[in-house]
Amino acid sequence: MTLLQNEGRFRYSMEFEIALMGILGRKGMGKASLASDAKFVRESMLEVVNKWKQRIRNLTAMDERLDMMTMGNLEELERALKGTSDSTNNDWLIIGALTSLVNRLLGYDWVDGEIHRHVIFYRDRDQENFDHNKMLEPKDAVQTLRSNGKTLRAKYAVIDHLRNRIGLTVNEVANVMGMSEYQVRKILSRVEQYERAWRTNFSDILSIEHTPLIYDDGYRNANDLTQFAPWRASNNSKRVTK
């Protein structure tokens, strides 16, 4: 094997390790040398797909067709991975399934080259703080949450007030807030989850300081912002907001 070939092999091995760490964290560290091991690649990628399923299910919960199609793409990917071995190369099946999955998630839902769904990426305040603290000297976490969480708290309280107290429709709330209906429904769903978990009404708009910080994967109670509580499976919202 030439030096150039060795460099190329090392490069794709390191890229594979970095890709694994993106979803598996430290568990994927130091695995570059196993990139050519079919059994390891199969097992680790099946673990990756399992985490993708959980995450994508959360993202597509309010779009039945997208949920169905992305789950189908992931199942195709799983079958291709499970059939991979030292003697069976399913690279093109894997590439095809991954391309279809990316197409769905970017809004190319039909086979006509047109965008049929809008995709919105955003960070909540906690995520923005995480990015910021990765680049700069860390600050006091509680003070940061209290300061930067004010806007997030106010947004949830206003949406809850407009929908559940004034009685505006989701579409009307979305127009008032300059948001999509999907975002409004997502926030209302999380508000309901919090109310179910604590068996209490969401804080009034006039009492922002008592409003919890709510995220997709959990919440921070206003009484102690240092404690993060993940959502329980039993707290999933059952109500359909219109």
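We're numbering straight along the sequence, starting at 1.
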**Report entry** For the student: nearest non-hydrogen atoms of S85 and A38, plus distance
**Finding:**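 Closest heavy-atom pair between S85 and A38: C-CB, 3.7 Å.
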Query - Over all atoms of both residues, closest heavy-atom pair of A80 and I94 - result: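 Shortest heavy-atom separation between A80 and I94 comes out as CB-CG1, 3.8 Å.
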Requested in this report: For the pair E192 and R196, evaluate salt bridge (charged side-chain N to carboxylate O under 4.0 Å, His left out) and give the outcome as yes or no after the intermediate values.
Outcome: CA-CA 6 Å; E192 184 185 352; R196 286 173 180 269; 3.0 Å; yes
Hydrophobic clustering (ILVMFWY, side-chain heavy atoms < 4.5 Å, transitive) - are [Y] and [X] grouped together?
X: V176; Y: I187; answer: yes
X: I166; Y: V170; answer: yes
X: V184; Y: Y182; answer: no

Query - Side chain proximity check, L81 to V49, heavy atoms < 4.5 angstrom - result: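 They are in side-chain contact.
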Report task. Could you check if a side-chain atom of K155 sits within less than 4.5 angstrom of a side-chain atom of I159, using non-hydrogen atoms only? Result ->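 Yes; the side chains approach each other to less than 4.5 Å.
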Requested in this report: List the steps and the verdict of side chain to side chain contact (heavy atoms under 4.5 Å, CB included) for M62 and D67.
Outcome: CA-CA 8 Å; M62 297 184 183; D67 181 68; over 6 Å; no
Query raised in the report: Going through the checks in order, is the side chain to side chain contact (heavy atoms under 4.5 Å, CB included) test met by E172 and R163?
Result: CA-CA 9 Å; E172 290 170 335; R163 177 68 182 99; over 6 Å; no
Requested in this report: Apply side-chain hydrogen bond (donor to acceptor under 3.5 Å, both in side chains) to the pair R190 and Q193, showing each step before the final yes or no.
Outcome: CA-CA 5 Å; R190 294 311 186 194; Q193 280 184 279; 2.3 Å; yes
Nearest 0.5 angstrom please: [X] [atom1] to [Y] [atom2], how far?
X: L66; Y: T70; atom1: CG; atom2: OG1; answer: 5.0 Å
X: M69; Y: I56; atom1: CE; atom2: CD1; answer: 13.0 Å
X: I95; Y: S100; atom1: CD1; atom2: OG; answer: 12.0 Å
X: Q183; Y: L188; atom1: CD; atom2: CG; answer: 12.0 Å
X: W52; Y: L105; atom1: CH2; atom2: CG; answer: 9.5 Å
X: E128; Y: D124; atom1: CD; atom2: CG; answer: 7.5 Å

Under the side-chain hydrogen bond (donor to acceptor under 3.5 Å, both in side chains) rule, collect the residues that match up with [X], sequence neighbours excluded.
X: R123; answer: D131
X: K53; answer: E78
X: T99; answer: none
X: E181; answer: N171, R185

Query - Sequence neighbours excluded, every pair satisfying salt bridge (Lys or Arg N to Asp or Glu O under 4.0 Å) that has a member inside residues 88-116 - result: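 Matches after skipping sequence neighbours: R65-D109, R104-D109, D109-R117.
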Query raised in the report: For Y156, does its backbone N or O pair with a side-chain atom of D160 as donor and acceptor, under 3.5 Å?
Result: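 The answer is no, because no donor-acceptor pair under 3.5 Å joins these two groups.
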Only pairs under 3.5 Å count here: list side-chain donor-acceptor contacts from residues 39-47, not counting sequence neighbours, and write none if there are none.
| unit_1 | atom_1 | unit_2 | atom_2 | d |
| --- | --- | --- | --- | --- |
| R42 | NH1 | T84 | O | 2.8 |
| S44 | OG | F40 | O | 2.8 |
| S44 | OG | V41 | O | 3.2 |
| E47 | OE1 | K27 | NZ | 3.2 |
| E47 | OE2 | K27 | NZ | 2.7 |

Query raised in the report: For atom OH of Y108, is the number of surrounding heavy atoms from other residues, nucleotides or ligands below 6.0 Å larger than 12?
Result: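 Open: at most 12 neighbouring heavy atoms sit under 6.0 Å from OH of Y108.
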Query raised in the report: side chain to side chain contact (heavy atoms under 4.5 Å, CB included) between E76 and L93: does it pass, once the steps are laid out?
Result: CA-CA 8 Å; E76 291 174 6; L93 293 176; over 6 Å; no
Report task. Dump the intermediate steps for side chain to side chain contact (heavy atoms under 4.5 Å, CB included) on I23 and R55, then the final yes or no. Result -> CA-CA 11 Å; I23 189 70; R55 175 62 174 159; over 6 Å; no
